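As the structure is a computational prediction, the values presented were derived from the model and not from experiment.
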Amino acid sequence: DRGIQATYKRSYFDIIAAVMNGAGQNKAETNYNKSLALRVVGRIIPQLQVSGNYYTGKNNPADKKKDVFINFGARGKAGGWEYAAEIAQQEHAALTEHSFYVFAAYDWKTTTEYVNMITPAFRIEGYDPDTDLEYNFQQRYTLGVTFNLNAEKYVNRVMLNYEINEDEDDVTVDDLVRLEYMVKF
């Protein structure tokens, strides 16, 4: 969105504040309400970054109700480990949504010619689309392994994931096995 942003950086933290106009990136500008965003990022130790975000604005021209989004997160790297976690809440009028995720992965470098790195990973995520309703919480557990086929990570890889899906309302949600080949060019 078009607007103005100010950033203040110190050795251990950043503060970013922005005021913007519009209905969102790549959308017709039919919303002339101003939105406010605030982000604080802390780097307490080199292996851990924590953040807090706040956003508010009237994004839907049809109902003119305010959206409020708040989240807190942490991420970092240490040795071959990479980890992240986040919790979030979004409110639109009387509707409140909650979500979270936790992720961990380890980069294991190999000595083979064709597979330079193998990365096993685990992710758990959950989503409640309406906190006022019972039995609508959705959760997914993902176990995966990525085979990096280049010396550079994320360029040429094969990823195999097994997803365990759960839904509180007892609607059958199938578990999934995903096999993906990704190349960056």
**Q** Can you tell me how far apart CG (Asp167) and CG (Asn136) are? Round to the nearest 0.5 Å.
**A**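 Output value for this atom pair is 8.0 Å.
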**Q** Report yes or no: do Leu36 and Val40 belong to one cluster of Ile/Leu/Val/Met/Phe/Trp/Tyr joined by side chain heavy-atom distances under 4.5 Å?
**A**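 No: no chain of side-chain contacts under 4.5 Å links Leu36 to Val40.
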**Q** Can you tell me if Asn53 and Arg39 form a side-chain donor-acceptor pair at under 3.5 Å?
**A**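 Yes, side-chain donor-acceptor contact under 3.5 Å.
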**Q** Using a 6.0 Å cut-off, check whether atom OH of Tyr12 has over 12 heavy atoms from anything other than its own residue.
**A**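 Count not over threshold, so no.
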**Q** Is there side-chain contact between Ile124 and Gln139, with heavy atoms separated by less than 4.5 Å?
**A**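 With C-beta onward as the side chain, the pair touches.
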**Q** For the pair Asp128 (side chain) and Asp130 (backbone), establish whether a donor and an acceptor sit closer than 3.5 Å, ignoring hydrogens and angles.
**A**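 Yes; at least one donor-acceptor contact below 3.5 Å.
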**Q** With heavy-atom distances below 4.5 Å as the criterion, would you say the side chains of Asn148 and Val115 are in contact?
**A**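 In short, these two side chains do not touch, never coming nearer than 4.5 Å.
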**Q** Specify the closest pair of heavy atoms between Met117 and Thr110, including all atoms of both residues, with the distance to one decimal.
**A**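 Here Met117 and Thr110 meet closest at N-OG1, 4.1 Å.
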**Q** Using every non-hydrogen atom in the two residues, find where Pro129 and Glu97 come nearest and quote the distance to one decimal.
**A**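 Distance-wise, the nearest heavy atoms are O-CG, 3.2 Å.
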**Q** Do you know which two heavy atoms are closest between Asn116 and Asn150, and how far apart they sit?
**A**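 The pair with the smallest heavy-atom distance is OD1-C, 3.3 Å.
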**Q** Which is it for Leu179 and Val158 under the side-chain contact (heavy atoms from CB on, under 4.5 Å) test, yes or no, and what are the steps along the way?
**A** CA-CA 7 Å; Leu179 179 63; Val158 175; 3.8 Å; yes
**Q** Start with the C-alpha distance between Ile118 and Val145, add both sets of side-chain angles, then the distance that settles side-chain contact (heavy atoms from CB on, under 4.5 Å), and finish with yes or no.
**A** CA-CA 7 Å; Ile118 299 173; Val145 62; 3.6 Å; yes
**Q** For Glu125, what residues pass the salt bridge (charged side-chain N to carboxylate O under 4.0 Å, His left out) criterion, not counting sequence neighbours?
**A**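 Testing Glu125 for salt bridge (charged side-chain N to carboxylate O under 4.0 Å, His left out), a comparison that skips the adjacent residues, returns Arg123, Arg140.
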**Q** Can you tell me how far CD of Glu91 sits from OG1 of Thr131, rounded to the nearest 0.5 angstrom?
**A**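 Spacing of OG1 (Thr131) from CD (Glu91) equals 8.0 Å.
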**Q** Could you tell me if Tyr154 and Glu152 have a donor-acceptor pair between their side chains, going purely by distance under 3.5 Å?
**A**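 The criterion, which ignores hydrogens and geometry beyond distance, is not satisfied for Tyr154 and Glu152.
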**Q** If two hydrophobic side chains count as joined below 4.5 Å and joins carry through other members, does Leu176 share a cluster with Tyr181?
**A**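 Not linked; separate clusters.
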**Q** Does any part of the side chain of Val41, heavy atoms only, come nearer than 4.5 Å to the side chain of Val50, both counted from C-beta?
**A**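 A side-chain contact is absent here, since even the closest heavy-atom pair is not under 4.5 Å.
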**Q** With a 4.5 Å limit on heavy-atom distance, are the side chains of Phe13 and Gln49 in contact?
**A**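 No, too far: nothing below the 4.5 Å cut-off.
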**Q** Do Tyr55 and Asn71 get their side chains close enough for a donor-acceptor pair, meaning under 3.5 Å?
**A**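 There is no such pair (donor and acceptor under 3.5 Å, judged by atom type) between the side chains of Tyr55 and Asn71.
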**Q** Would you mind checking if Lys153 and Glu82 are paired as a salt bridge, meaning a charged N to carboxylate O distance below 4.0 Å?
**A**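 Salt bridge present between Glu82 and Lys153.
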**Q** State, with a plain yes or no, whether a side-chain heavy atom of Arg178 is found less than 4.5 Å away from one of Tyr162.
**A**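 Arg178 does not reach Tyr162 side chain to side chain.
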**Q** Other residues, nucleotides and ligands only: do more than 12 of their heavy atoms fall within 6.0 Å of CD1 on Ile4?
**A**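 Open: at most 12 neighbouring heavy atoms sit under 6.0 Å from CD1 of Ile4.
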**Q** Step by step, work out the side-chain contact (heavy atoms from CB on, under 4.5 Å) result for Tyr141 and Asn165.
**A** CA-CA 7 Å; Tyr141 305 89; Asn165 293 292; over 6 Å; no
**Q** So, taking the atom named OG in Ser35 and the one named NZ in Lys58, what distance separates them when rounded to the nearest 0.5 Å?
**A**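 Separation between the atoms: 10.5 Å.
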**Q** Rounded to the nearest 0.5 Å, what's the gap from CG on Leu143 to CD1 on Ile164? Could you check?
**A**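 That separation rounds to 5.5 Å.
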**Q** So, applying side chain to side chain contact (heavy atoms under 4.5 Å, CB included) with Leu38, which one of Ile70, Ile16, Ile15 is it?
**A**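 Answer to the side chain to side chain contact (heavy atoms under 4.5 Å, CB included) test with Leu38 among Ile70, Ile16, Ile15: Ile15.
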**Q** Working to the nearest 0.5 Å, report the span between OG1 of Thr56 and CG of Asp67.
**A**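 Reported to 0.5 Å precision, the distance equals 7.5 Å.
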**Q** Look up atom CD in Gln138 and atom OG in Ser99, then write down how far apart they are to the nearest 0.5 Å.
**A**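 Going from CD on Gln138 over to OG on Ser99, the span is 11.0 Å.
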**Q** Provide the closest heavy-atom pair for Ala78 versus Tyr83 in the form atom of the first, atom of the second, distance.
**A**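 Scanning both residues, the minimum pair turns out to be CB-OH, 3.7 Å.
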**Q** Using links of under 4.5 Å between side-chain heavy atoms of ILVMFWY residues, direct or through other members, which residues join Met182 in one cluster?
**A**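 Once heavy-atom contacts under 4.5 Å are chained together, Met182 belongs with Met159.
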**Q** Do Asp14 and Arg43 sit within salt-bridge range, that is, some charged N less than 4.0 Å from a carboxylate O?
**A**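 Judged by the 4.0 Å cut-off on N to carboxylate O distance, Asp14 and Arg43 do form a salt bridge.
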**Q** Return each pair, listed once, that meets ring-ring contact (aromatic ring centres under 6.0 Å, His included) where at least one residue sits in residues 94-132; pairs must be two or more places apart or across chains.
**A**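 Applying ring-ring contact (aromatic ring centres under 6.0 Å, His included) to every pair that reaches into residues 94-132, excluding sequence neighbours, yields Trp81-Tyr106.
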**Q** For the residue pair Thr142 and Asn161, confirm or rule out a side-chain donor-acceptor distance under 3.5 Å.
**A**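 Short answer, no.
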